Protein chains: 2
Amino acid sequence: MTQVRQPGGARASGAHLVYVELKRRILDLELAPGERLHEPALTAELGVSRTPLREAVRRLIAENLLEQQPTGAVLVPRLDARDVVELYEVRASLEGLMAGTAARRATGADHDALHGLLARNEALVHFRDDAMAAGTAIHDRIGEIADNAWARHLHRQVTDQMRRYKLTTNSSEERRAAALSEHHDICAAIIAGDDVAAADLASRHVLGARDVAVRALGEPGPDAAAPGADAP
Amino acid sequence: MTQVRQPGGARASGAHLVYVELKRRILDLELAPGERLHEPALTAELGVSRTPLREAVRRLIAENLLEQQPTGAVLVPRLDARDVVELYEVRASLEGLMAGTAARRATGADHDALHGLLARNEALVHFRDDAMAAGTAIHDRIGEIADNAWARHLHRQVTDQMRRYKLTTNSSEERRAAALSEHHDICAAIIAGDDVAAADLASRHVLGARDVAVRALGEPGPDAAAPGADAP
DNA sequence: ACATCCGTACTTGTATACGAAGGGTCGGTC
DNA sequence: GACCGACCCTTCGTATACAAGTACGGATGT
């Protein structure tokens with residue numbers, strides 16, 4: 001197997017393809033937390049040799065999406081409710097930073113874009129998944145406006161991790177409405193150029209989601225991932 | 001070459017040793033920014049085969065301590081003044097988070113420890129390197145008290161990156177005195193349990209260092225690394 | 001019956017060999 | 001003299017072979 005150029009221009013070596021596939025499986029919980037990775041089995045399944053597989057695994061270890069035991073065994077990290085709280089708080093911190101920076105840097109075009117995204121969020125507030133996507137779009141846009149590559153890089157690490165927990169903090173209509181209202185306030189502060197308020201509102205917005213998530217973890221829902229629970 | 005147990009218990013495979021050594025060379029600028037890594041040369045120099053070398057390089061790429069061009073060539077990332085600002089701001093955000101959390105969690109023993117570290121910082125304020133180390137010890141302790149593994153993990157990524165820039169923000173006596181004073185205020189807020197003030201003070205403390213660093217970059221000192229400057 | 005020791009199978013870590021792509025250089029041609 | 005093309009060499013990506021350490025099972029002894 002040789003390396004090929006993707007349409008986007010980024011390289012797509014076998015190792016990179018394996019990395020993308022393994023990462024997807026981990027984040028989608030197709031690889032169960034606590035499960036051990038067996039190189040021979042994966043090489044056969046993915047159709048590559050051990051070398052590219054190992055490179056992908058090494059990268060995932062570096063990203064904390066896999067962990068290596070002292071003996072060398074590699075396994076999928078277990079889910080831990082403690083991580084959820086920590087990740088939310090870090091995310092709140094980074095989003096606060098980005099919102100504040102965005103408030104100082106946003107241009108007229110950015111204001112228009114935020115208005116458009118807010119309108120979209122409002123129109124979709126009754127539809128759980130669409131409202132979620134619209135909210136994420138607002139957050140992403142704020143990150144773009146802030147234009148802090150390192151903040152975005154670390155923020156992406158955090159959100160990737162959180163994806164494993166399948167946290168649906170806006171499953172209820174009220175919660176979605178509250179989130180929308182908070183999005184409104186955050187964007188208003190950014191548009192007004194009030195960086196302190198924007199940072200504060202954005203941070204509190206995420207901490208609010210943290211509280212909802214923590215409560216949801218206390219009373220595990222239908223398909224909620226129960227952190228720390230091991231299937232026998 | 002086979003893997004051996006380190007005293008600490010962590011494994012020390014050849015790949016890991018190579019990782020540690022390469023990381024050190026990158027952070028100490030022994031590998032010049034912009035320089036290309038040649039696998040054959042490094043394997044000969046480090047006495048390992050390409051396999052463990054490549055694994056170490058992959059991990060460093062994942063940590064943004066190396067970057068890979070579309071052609072496959074791996075090189076040491078160039079220094080960029082823009083990164084300095086971004087890294088300081090992310091660091092300010094994370095240290096603010098940790099200081100705030102520490103204010104809520106600090107115990108009596110933690111208060112004593114902070115008092116001791118402050119006294120040490122004060123005693124060493126006239127000695128640049130020692131004062132720096134004492135200041136870092138305070139920051140580290142706050143991170144321990146906050147006990148947010150993810151915040152500390154990301155914070156470590158940031159500080160590792162910043163090490164490449166050899167930023168000496170406290171070279172002047174006044175700056176060291178100011179930093180000491182700020183450390184006092186931060187610790188006072190933590191001990192008082194005032195999380196909002198602690199977060200704010202810690203964040204501003206780092207942003208102050210950012211401003212000093214930015215000014216220093218404007219007027220490159222004797223051995224200051226000039227970001228973006230390429231030696232011919 | 002339980003614990004312990006040992007042997008076997010497996011898994012991981014490392015080295016090396018091979019194929020393909022990129023870059024540089026030399027020569028030819030306009 | 002400058003530009004273009006073909007060639008070779010280097011370097012990277014991948015596959016495979018080998019060595020060493022680990023884990024599991026069974027046998028054996030107390």
Side-chain angles (χ1 to χ4, degrees), chain A residues 1-23 26 31-32 34-62 65-77 230 232, chain B residues 1-23 26 31-32 34-62 65-77 230 232:
Chain A
M1 181 169 298
T2 177
Q3 64 273 16
V4 194
R5 286 287 182 284
Q6 277 180 331
R11 80 190 200 297
S13 63
H16 188 254
L17 294 174
V18 170
Y19 163 77
V20 171
E21 173 62 13
L22 280 181
K23 181 171 179 176
I26 293 167
L31 287 169
E35 181 176 340
R36 180 170 174 177
L37 250 59
H38 288 257
E39 289 181 2
L42 280 175
T43 55
E45 186 177 343
L46 298 173
V48 295
S49 73
R50 286 180 57 212
T51 308
L53 172 68
R54 281 176 64 85
E55 293 198 353
V57 167
R58 290 312 187 247
R59 182 168 169 190
L60 289 165
I61 291 172
L65 287 171
L66 287 175
E67 67 182 29
Q68 188 167 35
Q69 293 184 324
T71 62
V74 174
L75 41 82
V76 183
D230 319 310
Chain B
M1 181 169 297
T2 175
Q3 64 270 20
V4 195
R5 285 287 183 285
Q6 278 181 331
R11 80 187 203 299
S13 64
H16 188 255
L17 293 173
V18 170
Y19 162 78
V20 171
E21 173 62 14
L22 280 182
K23 181 170 179 176
I26 293 167
L31 287 170
E35 179 176 343
R36 180 171 174 179
L37 249 58
H38 288 256
E39 289 181 2
L42 280 175
T43 55
E45 186 178 344
L46 298 173
V48 295
S49 73
R50 286 181 58 211
T51 309
L53 172 68
R54 280 177 64 86
E55 293 199 354
V57 167
R58 291 313 186 220
R59 182 168 169 188
L60 290 165
I61 291 172
L65 287 170
L66 287 175
E67 66 182 29
Q68 187 166 36
Q69 293 184 324
T71 62
V74 174
L75 41 81
V76 183
D230 319 311

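Proteins get letters first, then strands, A, B, ... in listed order; numbering begins at 1 in each. None of these values were measured; they are calculated from a predicted model. Reckoned from all heavy atoms, side chains included, excluding hydrogens, waters and symmetry mates.
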Expressed in angstrom and rounded to an integer, what is the separation of A:Leu46 atom CG from D:dT14 atom C1'? 15 Å

Set of side chain to side chain contact (heavy atoms under 4.5 Å, CB included) partners for B:Ala32, sequence neighbours left out: B:Glu35

Closest non-hydrogen contact found for B:Ala62 with A:Ala62 is CB-CB, 3.7 Å

Testing the basics here: between B:Ala15 and B:Ala56, what is the closest heavy-atom pair and its distance to 0.1 Å? O-CB, 3.7 Å

To the nearest Å, give me how far apart CD (B:Glu55) and P (C:dT16) are. 16 Å

What is the distance from NE2 of B:His16 to P of C:dT12, rounded to the nearest Å? 18 Å

Could you check how far CG of A:Leu42 sits from P of D:dT14, rounded to whole Å? 16 Å

Within the sub-3.5 Å range, which N or O atoms of nucleotides 5-11 of chain C have a protein N or O partner, and how far apart are they?
unit_1, atom_1, unit_2, atom_2, d
C:dT11, OP1, A:His38, ND1, 3.4

About how many Å separate CD of B:Glu39 and OG1 of B:Thr51, when rounded to the nearest 0.5 Å? 9.5 Å

Between A:Gln69 (CD) and C:dG13 (P), how many Å, whole number? 12 Å

Audit row: A:Leu75, A:Leu66, side chain to side chain contact (heavy atoms under 4.5 Å, CB included) steps and yes/no: CA-CA 6 Å; A:Leu75 41 82; A:Leu66 287 175; over 6 Å; no

C:dT14, OP1 or OP2 - any side-chain N/O from B:Thr51 closer than 4.0 Å? no

Would you kindly give the CG-to-P distance between A:Leu53 and D:dT16, to the nearest whole Å? 14 Å

With respect to the phosphate group of D:dT16, does any side-chain polar atom (N or O) of A:Arg54 fall under 4.0 Å of OP1 or OP2? no

What's the shortest heavy-atom distance between B:Leu65 and B:Pro77, and which atoms? O-CD, 3.4 Å

Working to the nearest 0.5 Å, report the span between CD of A:Glu21 and CG of A:Leu42. 10.0 Å

Side-chain contact check for B:Arg58: nearest option of D:dA15, C:dT14, D:dG13 is D:dG13

By nearest nucleotide on DNA chain C, pick out whichever of B:Ser49 and A:Val74 is the more 5' one. A:Val74

Check each of B:Leu60, B:Leu31, B:Leu53 against B:Leu37 using the side-chain contact (heavy atoms from CB on, under 4.5 Å) test, and report the only one that passes. B:Leu31

Give the rounded distance in Å between these two atoms: CZ of B:Arg50 and P of D:dT11. 10 Å

Out of B:Arg50, B:Arg54, B:Arg59, which residue meets the salt bridge (Lys or Arg N to Asp or Glu O under 4.0 Å) rule with A:Glu55? B:Arg54

Per the 3.5 Å Watson-Crick/G-U criterion and a run length of at least three, the stems involving DNA chain D are C:1-30 with D:1-30

